[in-house]
Amino acid sequence: MLDLKQIRENPEKVQELLDRRNSDQYQIEQIINLSQQQRELETTRTELQTRSNEIGKLIGQKIKSGSDPAGDEIKTLKAEGNELKTKLGKLEPEEKDLKAQISAAILELPNLPAQTTPIGKSEAENVEVRRWGDEYLPENNDSILPHWEIGEKLGIIEFGRSVKIAQSRFVSLIGAGAALERALINFMLDRQIAAGYTEVMPPALINTASLTGTGQLPKFAEESFQCQDDDLWLIPTAEVPVTNLYREEVLEASQLPIYHCAYTPCFRREAGSYGKDTRGLIRLHQFNKVELVKIVHPDTSEQEHQSLVKNAEAILQALKLPYRVLELCTGDLGFSAAKCYDLEVWLPSSGKYREISSCSNCTDFQARRASIRFKEAGKKGTKFAHTLNGSGLAVGRTMSAILENYQQPDGTVRIPEVLQPYLGRKIL
RNA sequence: GGAGAGGUGGCAGAGUGGUCGAAUGCGCUCGACUUGAAAUCGAGUGUACUGCAAAGUACCGUGGGUUCGAAUCCCACCCUCUCCGCCA
């Protein structure tokens, strides 16, 4: 959520930053107008309320000091009180309605891109920051089977039957496939815990307030699975439950930074991506992910962002999977992010780098929505924290990358060295 | 799912219609005393919004209602705890 005060005080600047997202759907003019009306109303209403409070106190005092409760003096005061009540009864709903309109409108606005975020229209203008692991690129790209084919051949990924029991875009992992997924999860968690993150195993179902807190709602309701009879949704990422752990809390500055890692399944409706990535593990309604979440002091969020990206990269490096780091341009930036780096892993079968991690600095955007604040010792008042999150990593996509990059001409797949202890084997 | 109890400030806990943003205790901050500390004493100690400010307004689980006036009365909902049922 953007700061209404900032919108009012620097409208041109805010609008200009919103426009960088290459969309004309984010307009602040209406919000400024509504806010102006609301504040005028509030001033009037408060004046009436003040008088009304005075009358209430006065009546109490008079009665206590012996005035006749049914006498003229009290009657006159009550009459004025009633008059005020009638007026307030009109103003209050009006103001409430304005406030509701403002907050509904402001919840639809995305975060402002950081000044340093490269300006661009679409993903085509994302900026490659660095590339790693060229020496690990497979030489025989053309002879490498796509991961779904090798997976099926090895009998470790079950596509057809999974569609029967659920729907398309669901898979089951069988035997060594399931074990490999589990090994990857444990490996990733162990690494991130060693890097200083505290593991969390959060609920996989969360309420509307939580999804609103991190920015998935109200705008992207069609992206999440919703339960019919309860105010519960399936989590699209662990970012939502883990960040919301601290919703509506005032933390001590000394508690910051907070680092969490979490393995959870993630559920996404993938509405509007019908034709894309219909085969394999790339785009599923349910997938596993190890997520990194940081809650930090605003002054440190930039460096915390850089180190979070490094923590995600470390997994790919340990697995010796070639990847590149992109800085997303303003046109491709996620709703809650001010700045975002994507890690893309090399997928030989498609001859492309594919996203395997997305690391965002959400600055105070989520903290405002979720009211995650902190207090500095000795200082008055509270400040909004900064929240960051990143995948460390998407597990299914990592498995895809291993099945392809580690594929051998004889149709077997080597297991990355660091995973061997977890899996108890060297080859699939 | 059934029966009962309860949700008040950082915590504990009082408050059943009027000056209650809320007693008291603990905690915390500052000061005094002390060589230092403890103890003791004194002062202070919620958040948000509007406003240049003075100040005002709102908040006692949430939302409605009654009233000149609600933490206090009424209604609905949510949550927590105990017991029973079911259950990984």
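No hydrogens, no waters, no symmetry mates; every other heavy atom, side chains included, goes into these values. First the proteins, then the strands, lettered A, B, ... as listed; each starts at 1.
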Polar side chain donor-acceptor pair, [X] to [Y], under 3.5 angstrom:
{"X": "A:Ser358", "Y": "A:Asp342", "result": "yes"}
{"X": "A:Asn53", "Y": "A:Thr50", "result": "no"}
{"X": "A:Asn311", "Y": "A:Tyr259", "result": "no"}
{"X": "A:Asn33", "Y": "A:Gln37", "result": "no"}
{"X": "A:Tyr341", "Y": "A:Gln306", "result": "yes"}

Quick one: [X] [atom1] to [N] [atom2], roughly how many Å, whole number?
{"X": "A:Glu248", "N": "B:C59", "atom1": "CD", "atom2": "P", "result": "18 Å"}
{"X": "A:Asp72", "N": "B:C68", "atom1": "CG", "atom2": "C1'", "result": "16 Å"}
{"X": "A:Leu4", "N": "B:A48", "atom1": "CG", "atom2": "P", "result": "16 Å"}
{"X": "A:Ile102", "N": "B:C49", "atom1": "CD1", "atom2": "P", "result": "14 Å"}
{"X": "A:Leu98", "N": "B:U50", "atom1": "CG", "atom2": "C1'", "result": "15 Å"}
{"X": "A:Asp231", "N": "B:C79", "atom1": "CG", "atom2": "P", "result": "10 Å"}
{"X": "A:Ile74", "N": "B:G69", "atom1": "CD1", "atom2": "P", "result": "14 Å"}
{"X": "A:Glu249", "N": "B:A48", "atom1": "CD", "atom2": "P", "result": "15 Å"}

| message | Which residues in residues 82-96 of chain A have a heavy atom closer than 4.0 Å to any atom of RNA chain B? | response |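 The answer is A:Asn82, A:Lys85, A:Lys96.
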
| Contacting residues from residues 29-37 of chain A, given that a heavy atom lies under 4.0 angstrom of RNA chain B |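 Output list: empty, so none.
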
Under-3.5 Å N/O pairs linking protein and nucleotides 17-22 of chain B:
residue	atom	partner	partner atom	Å
B:G18	N2	A:Gly56	O	2.6

Under a 4.0 Å threshold between the charged nitrogen and the carboxylate oxygen, would [Y] count as salt-bridged to [X]?
{"X": "A:Glu95", "Y": "A:Lys99", "value": "yes"}
{"X": "A:Glu94", "Y": "A:Arg45", "value": "no"}
{"X": "A:Glu270", "Y": "A:Arg169", "value": "no"}
{"X": "A:Lys13", "Y": "A:Glu16", "value": "no"}

When rounded to the nearest Å, what value does the distance between [atom1] atoms of [N] and [M] take?
{"N": "B:U40", "M": "B:C49", "atom1": "C1'", "answer": "42 Å"}
{"N": "B:G44", "M": "B:A22", "atom1": "P", "answer": "13 Å"}
{"N": "B:C20", "M": "B:C68", "atom1": "P", "answer": "22 Å"}
{"N": "B:U8", "M": "B:G61", "atom1": "C1'", "answer": "10 Å"}
{"N": "B:C79", "M": "B:U62", "atom1": "P", "answer": "15 Å"}
{"N": "B:A14", "M": "B:C83", "atom1": "C1'", "answer": "29 Å"}
{"N": "B:G2", "M": "B:U19", "atom1": "C1'", "answer": "46 Å"}
{"N": "B:U50", "M": "B:G31", "atom1": "C1'", "answer": "35 Å"}

If you look at every strand shown and take non-hydrogen atoms under 4.0 Å, does [X] touch a base, only sugar-phosphate, or nothing?
{"X": "A:Thr382", "result": "sugar-phosphate"}
{"X": "A:Lys375", "result": "sugar-phosphate"}
{"X": "A:Arg368", "result": "nothing"}

| field | Under 4.0 angstrom between A:Arg8 side-chain N/O and B:U50 OP1 or OP2 | value | yes

| message | Check the phosphate of B:U47 against A:Arg373, side-chain N and O only, distance under 4.0 Å to OP1 or OP2. Yes or no? | response | no

Ignoring hydrogens and geometry, is there a side-chain-to-backbone donor-acceptor pair from [X] to [Y] under 3.5 Å?
{"X": "A:His260", "Y": "A:Thr198", "result": "yes"}
{"X": "A:Asp364", "Y": "A:Ala385", "result": "no"}
{"X": "A:Asn405", "Y": "A:Leu321", "result": "no"}
{"X": "A:Thr212", "Y": "A:Thr208", "result": "yes"}

| note | Residue pair A:Arg51/A:Leu77 against RNA chain B: nearer the 5' end by closest nucleotide is A:Arg51

| note | Walking RNA chain B from its 5' end, the first of A:Gln49 and A:Lys383 to be reached, judged by nearest nucleotide, is A:Lys383

| remark: Among the nucleotides B:U47, B:U50, B:U57, whichever has the atom closest to the side chain of A:Arg45 is B:U57

| query | In terms of ring plane angle, is the pair A:Phe335 and A:Phe365 parallel, tilted or perpendicular, where the classes change at 30° and 60°? | reply |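 A:Phe335 vs A:Phe365 ring planes: perpendicular.
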
| Whether A:Phe225 and A:Phe170 hold their rings parallel, tilted or perpendicular, with breakpoints at 30° and 60° |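 Ring orientation of A:Phe225 relative to A:Phe170: tilted.
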
Filtered N/O pairs between nucleotides 53-56 of chain B and protein, under 3.5 Å:
residue	atom	partner	partner atom	Å
B:G56	O3'	A:Thr50	OG1	3.2
B:G56	O2'	A:Thr50	OG1	3.1

| request: Just jot down the ring-ring contact (aromatic ring centres under 6.0 Å, His included) partners of A:Phe159, sequence neighbours excluded, or say none. | output: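 If we apply the ring-ring contact (aromatic ring centres under 6.0 Å, His included) test to A:Phe159, skipping adjacent residues, there are no hits.
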
| note | The dot-bracket string of RNA chain B, counting Watson-Crick and G-U wobble pairs with both distances under 3.5 Å, using [ ] for crossing pairs and | for pairs to another strand, is ((((((((.[[[..)..(.....]]]((((((.......))))))(((((....))))).[[[[[..)....]]]]])))))))....

| query | Does the pair A:Ile150 and A:Trp148 meet the rule for a side chain to side chain contact (heavy atoms under 4.5 Å, CB included), with working shown? | reply | CA-CA 6 Å; A:Ile150 191 81; A:Trp148 58 89; over 6 Å; no

| request: Would you sort out whether A:Glu92 and A:Gln49 count as a side chain to side chain contact (heavy atoms under 4.5 Å, CB included), showing the intermediate values? | output: CA-CA 10 Å; A:Glu92 271 170 4; A:Gln49 191 60 252; 3.7 Å; yes

